[in-house]
Number of protein chains: 2
Amino acid sequence: MVVSLAEIRRTSGEVFVEGCPTRVVLDHIMSKWGVLVLLALTDGTLRWGELRREVQGISEKMLASTLRTLEADGLVVRTSYPEVPPRVEYALTDLGRELMERMLPLVEWVAVHAEEIVPAGA
Amino acid sequence: MVVSLAEIRRTSGEVFVEGCPTRVVLDHIMSKWGVLVLLALTDGTLRWGELRREVQGISEKMLASTLRTLEADGLVVRTSYPEVPPRVEYALTDLGRELMERMLPLVEWVAVHAEEIVPAGA
DNA sequence: TGGGTAGCTTACCTGAAAGTGGGTACCCTC
DNA sequence: GAGGGTACCCACTTTCAGGTAAGCTACCCA
């Protein structure tokens with residue numbers, strides 16, 4: 001599939017206009033923690049504690065707010081089991097999985113080329 | 001090409017470790033203005049003024065610093081012609097074009113689904 | 001009685017990102 | 001000689017993403 005910028009413009013109007021939905025969604029999923037949380041969930045369903053450990057360096061506050069944003073966007077589902085101790089599971093929705101199908105090749109490319117891109121040491 | 005998270009882990013070590021090159025590069029290219037500048041340059045070579053107009057809402061300061069970051073990463077080339085008035089052109093490098101090949105499908109998908117993702121009004 | 005666990009929320013605060021407004025240099029046109 | 005265009009840079013200010021730390025629920029264990 002060859003995608004051109006012109007095509008994007010045609011389908012979605014203006015990507016370059018401030019405050020358009022495309023920019024908002026991009027801000028959510030391309031945010032520092034958004035990518036990493038989505039990435040972690042690509043593996044499969046994870047619990048709160050597992051996510052914390054998986055996404056190294058994220059604070060509880062940021063994990064909570066990132067998850068809430070992605071849930072509101074319909075990319076992630078939260079399932080809570082009223083047990084003791086409480087158990088809550090997070091997983092990608094169909095939409096989220098569709099998204100990650102497009103995101104993974106990008107992340108993989110970045111992972112492969114990261115060392116040659118980042119000036120040594122920085 | 002099916003890419004799994006496990007594969008990414010294998011090729012690049014830990015995406016989830018703080019301060020690793022992959023996270024740094026992701027921060028550059030997935031930043032608010034980084035994506036939009038790269039996107040604008042996908043069309044072809046652009047001059048400073050054209051970029052400003054294309055990427056609606058970017059300030060001169062942010063445009064300058066975004067371009068400097070992307071140039072340092074080897075994703076964008078700056079060519080200046082010592083004319084009067086000065087003329088400077090920005091374009092993607094081969095690396096940048098490779099990157100955008102992976103980024104465009106993602107952005108296109110987001111553009112198509114943005115309206116259904118963002119809760120009406122937000 | 002007290003500690004432990006899981007999954008959060010709230011309040012507070014800081015530091016980096018981003019916006020604002022000015023300045024520079026050079027030449028051209030009016 | 002006033003004003004405008006191009007491509008910036010710098011200092012100042014504001015905003016907000018993000019970090020820190022505490023508290024809370026509700027049960028179990030000892």
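Chain naming here is simple, since letters A, B, ... match the order of the sequence lines and numbering starts at 1 in each.
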> How far does CG of B/L41 sit from OG1 of B/T45, to the nearest 0.5 angstrom?
Replying inline: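 Output value for this atom pair is 8.0 Å.
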
>> Output the rounded distance in Å from CZ (A/R87) to P (D/dC27).
In response: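 Whole-Å distance recorded here is 17 Å.
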
>> At under 4.0 Å between heavy atoms, how does the protein contact nucleotides 10-24 of chain D? Give one character per nucleotide, 5' to 3', with B, S or -.
In response: -B------BBB----

> Of A/L70, A/T69, A/L92, A/V25, which meets side-chain contact (heavy atoms from CB on, under 4.5 Å) against A/L75?
Replying inline: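 Option passing the side-chain contact (heavy atoms from CB on, under 4.5 Å) with A/L75: A/L70.
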
>> Considering every strand and a 4.0 Å limit on heavy-atom distances, what is the contact class for B/Y90: base, sugar-phosphate, or nothing?
In response: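 Touches sugar-phosphate only.
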
>> Considering every strand and a 4.0 Å limit on heavy-atom distances, what is the contact class for B/R52: base, sugar-phosphate, or nothing?
In response: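 No contact at all - B/R52 keeps every heavy atom at 4.0 Å or more from the nucleic acid.
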
Which atom of [X] lies closest to which atom of [Y], heavy atoms considered:
X	Y	value
A/V55	A/A40	CG2-CB, 4.1 Å
B/T22	A/A111	OG1-CA, 3.6 Å
B/W48	B/E60	CH2-O, 3.6 Å
B/L106	A/M103	CD2-SD, 4.0 Å

>> Determine whether A/L39 and A/M100 satisfy the following criterion, side-chain contact (heavy atoms from CB on, under 4.5 Å), listing intermediate values before the conclusion.
In response: CA-CA 8 Å; A/L39 221 45; A/M100 292 317 285; 3.7 Å; yes

> Should B/E50 and B/R52 count as an ion pair when the cut-off is N to O under 4.0 Å?
Replying inline: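 No, B/E50 and B/R52 are not salt-bridged.
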
> Which nucleotide span of DNA chain C, 5' end to 3' end, has atoms closer than 4.0 Å to non-hydrogen atoms of chain A?
Replying inline: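 Counting from the 5' end, contacts occupy C/dA6 to C/dC12.
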
